[in-house]
Amino acid sequence: MKTISPPFLLSCAFLGISVSLSGCAAALGGREIIYVGHNQASDHPTNLALLAFEEYIEDKLGDKYDVEVYPSELLGSQTDMVQLTQTGAIHICVASNSILETFSENYTLFNMPYLFSSSQAYHAAMDDPSVTGPIFESTKSAGFQAVTWLDAGTRNFYTVSVPIHTPNDLKGLKIRVQQSPTNVQMMRLLGGSATPMSFGEVYTALQSKVIDGAENNEMALTSNGHGDVCKYYSYDMHQMIPDILVANNRFLDSLSREEQKIFREGFRLVNQVERREWTKAVEDARDKAETVQKVQFLYPDTRPFQEICTPMHQDFLSGHPDILPVYQKIQEYNAEYPPAPEQEDTK
């Protein structure tokens, strides 16, 4: 495996040495280097899945391609990486669905709070091409497209010192949200003050009390240390938002038919490995957060949160009637997989 430094990569991207990184690979001789970037740590399920992808592609096509996976925002923030993938400066990256909302409004649907009734409904819907197809293909004109989805669990509020039992408890609190208009609107409706910022800045902002809390899955408590500062994690379950693996269109189109088949299998492998590792990682994160970091897990009644947020669904659909069939299909999965009984809050 070749080791390419990020400065060299960015020089290829920004100084115009090559329109795509195939030029960088050619300059080094031998195989074409496929650059893959994401913002998670090396032990995160996302990275483990992409390493499995790297091994699979190099096993099948190692005479032609050398896959390089860069974790921990080594290739830039998620927004930077999507833009680099869009231009072809890198080949593949992982992006939050919330960021992709700024590239295609179709992705706004998956950002809707309380879109899915349960994790089972969420998984079933995301595995259905009739649900994901119209969303995943909506950025083709922008130069990239989604090739698979990654489980990012359930997003919930966690705070430094104020436990969240009801929407009222959010009033006046500054909560970090992803840089998404939908998330900003959600926080406004719930009474909190939305504070968009890069994920890498959150720990320092929590520690210095620039913000009062954030919203994310359990992994943020342990992998990113947020549980060292935040002592309350409240399962309001406001979103189940996938992370999305996106790839540059020109690169995908340059593959032969047989290579495309192998890459499709590789993308499926990413999905399978990440979901398997995710389940284990969340269990470990909860255990560590509870026993080591002393985070208190709360189980509020989610209905008041849901009642406040669900009018956002109709507001979105009224402006995007073409997405209505996708929304209706999701509702069918919600009916098939209703939510499990909620645990009692520890207020």
Check: [Y] main-chain N/O paired with [X] side-chain donor or acceptor under 3.5 Å:
| X | Y | result |
| --- | --- | --- |
| Ser72 | Leu74 | no |
| Asp66 | Ile33 | no |
| Arg250 | Thr87 | yes |
| Asn97 | Tyr107 | yes |
| Arg286 | Glu218 | no |
| Ser234 | Ile164 | yes |
| Ser119 | Gly153 | no |
| Lys171 | Gly192 | no |
| Thr85 | Ala247 | no |
| Arg155 | Glu215 | yes |

Looking only at the side chains, is there a donor atom on one of [X] and [Y] sitting less than 3.5 Å from an acceptor on the other?
| X | Y | value |
| --- | --- | --- |
| Glu101 | Thr182 | yes |
| Asn216 | Tyr158 | no |
| Thr166 | Asn168 | no |
| Ser96 | Gln78 | no |

Among Trp278, Phe267, Tyr122, which one satisfies ring-ring contact (aromatic ring centres under 6.0 Å, His included) with Trp149? Tyr122
Are there more than 12 heavy atoms of other residues, nucleotides or ligands under 6.0 Å from atom CD of Glu265? yes
Minimum heavy-atom separation for [X] and [Y], please, with both atom names.
| X | Y | answer |
| --- | --- | --- |
| Ile330 | Ala125 | CG1-CB, 4.3 Å |
| Pro163 | Ser161 | CD-O, 3.6 Å |
| Thr132 | Met126 | CG2-O, 3.2 Å |
| Gly76 | Met81 | O-CE, 3.4 Å |
| Pro134 | Ser138 | O-CB, 3.6 Å |

How about [X] and [Y]: are their ring centroids closer than 6.0 Å?
| X | Y | result |
| --- | --- | --- |
| His165 | Phe157 | no |
| Phe297 | Tyr232 | no |
| Phe251 | Phe263 | yes |

Could you measure the distance from the [atom1] atom of [X] to the [atom2] atom of [Y]? Nearest 0.5 Å is fine.
| X | Y | atom1 | atom2 | value |
| --- | --- | --- | --- | --- |
| Ser198 | Asp80 | OG | CG | 9.0 Å |
| Arg276 | Asn271 | CZ | CG | 11.0 Å |
| Glu32 | His91 | CD | NE2 | 4.5 Å |
| Asn183 | Gln179 | CG | CD | 10.5 Å |
| Lys174 | Thr159 | NZ | OG1 | 14.0 Å |
| Asp243 | Gln40 | CG | CD | 7.0 Å |

Enumerate donor-acceptor pairs with a distance under 3.5 Å from any side-chain N or O in residues 41-48 to protein atoms, sequence neighbours excluded.
from	atom 1	to	atom 2	distance (Å)
His44	ND1	Thr46	N	3.0
His44	ND1	Thr46	OG1	3.4
Asn47	OD1	His38	NE2	2.8
Asn47	ND2	Ser42	O	2.9

With clusters defined by side-chain heavy atoms of hydrophobic residues (ILVMFWY) lying less than 4.5 Å apart, directly or transitively, does [Y] cluster with [X]?
| X | Y | answer |
| --- | --- | --- |
| Phe199 | Val282 | no |
| Met187 | Val160 | yes |
| Val82 | Ile241 | no |
| Phe305 | Met237 | yes |
| Met112 | Ile175 | yes |

Go through the steps for Tyr337 and His123 under the test ring pair (Phe, Tyr, Trp, His ring centres under 6.0 Å), then give the verdict. CA-CA 10 Å; Tyr337 301 102; His123 293 162; 9.8 Å; no
Measuring only between side-chain heavy atoms, which start at C-beta, is [X] closer than 4.5 Å to [Y]?
| X | Y | answer |
| --- | --- | --- |
| Met312 | Leu189 | yes |
| Leu173 | Ser193 | no |
| Cys93 | Leu84 | no |
| Ile92 | Ile34 | yes |
| Ile244 | Thr148 | no |
| His238 | Gln306 | no |

Sequence neighbours excluded, which residues qualify as side chain to side chain contact (heavy atoms under 4.5 Å, CB included) partners of Lys231? Gln293
Is any NZ, NE, NH1 or NH2 atom of the basic residue among [X] and [Y] found under 4.0 Å from an Asp or Glu carboxylate oxygen of the other?
| X | Y | value |
| --- | --- | --- |
| Asp236 | Arg303 | no |
| Glu258 | Lys261 | no |
| Glu259 | Lys64 | yes |

Run Cys230 and Leu206 through side chain to side chain contact (heavy atoms under 4.5 Å, CB included) and show every step you take. CA-CA 8 Å; Cys230 295; Leu206 290 168; 3.7 Å; yes
Tell me which one of Asn249, Asn248, Thr139 satisfies side-chain hydrogen bond (donor to acceptor under 3.5 Å, both in side chains) with Gln145. Asn249
Check the orientation of Phe316 and His320. Use parallel for under 30°, tilted for 30 to 60°, and perpendicular for over 60°. parallel
Which of parallel (below 30°), tilted (30 to 60°) and perpendicular (above 60°) describes Tyr235 and Tyr233? perpendicular
Show, in sequence, the C-alpha distance, side-chain angles and deciding distance for Met219 and Asn224, and conclude whether the side chain to side chain contact (heavy atoms under 4.5 Å, CB included) test is met. CA-CA 7 Å; Met219 294 281 289; Asn224 305 96; 5.7 Å; no
Let me see the working for Val270 and Leu150 under side chain to side chain contact (heavy atoms under 4.5 Å, CB included), right down to the final yes or no. CA-CA 8 Å; Val270 172; Leu150 307 176; 3.5 Å; yes
May I have the step-by-step check of side chain to side chain contact (heavy atoms under 4.5 Å, CB included) for Tyr327 and Leu317, ending in yes or no? CA-CA 8 Å; Tyr327 181 82; Leu317 292 171; 3.5 Å; yes
Within 45° of the ring axis of Tyr333 and under 6.0 Å from its six-membered ring centre, is that where the NZ or CZ of Lys329 lies? yes
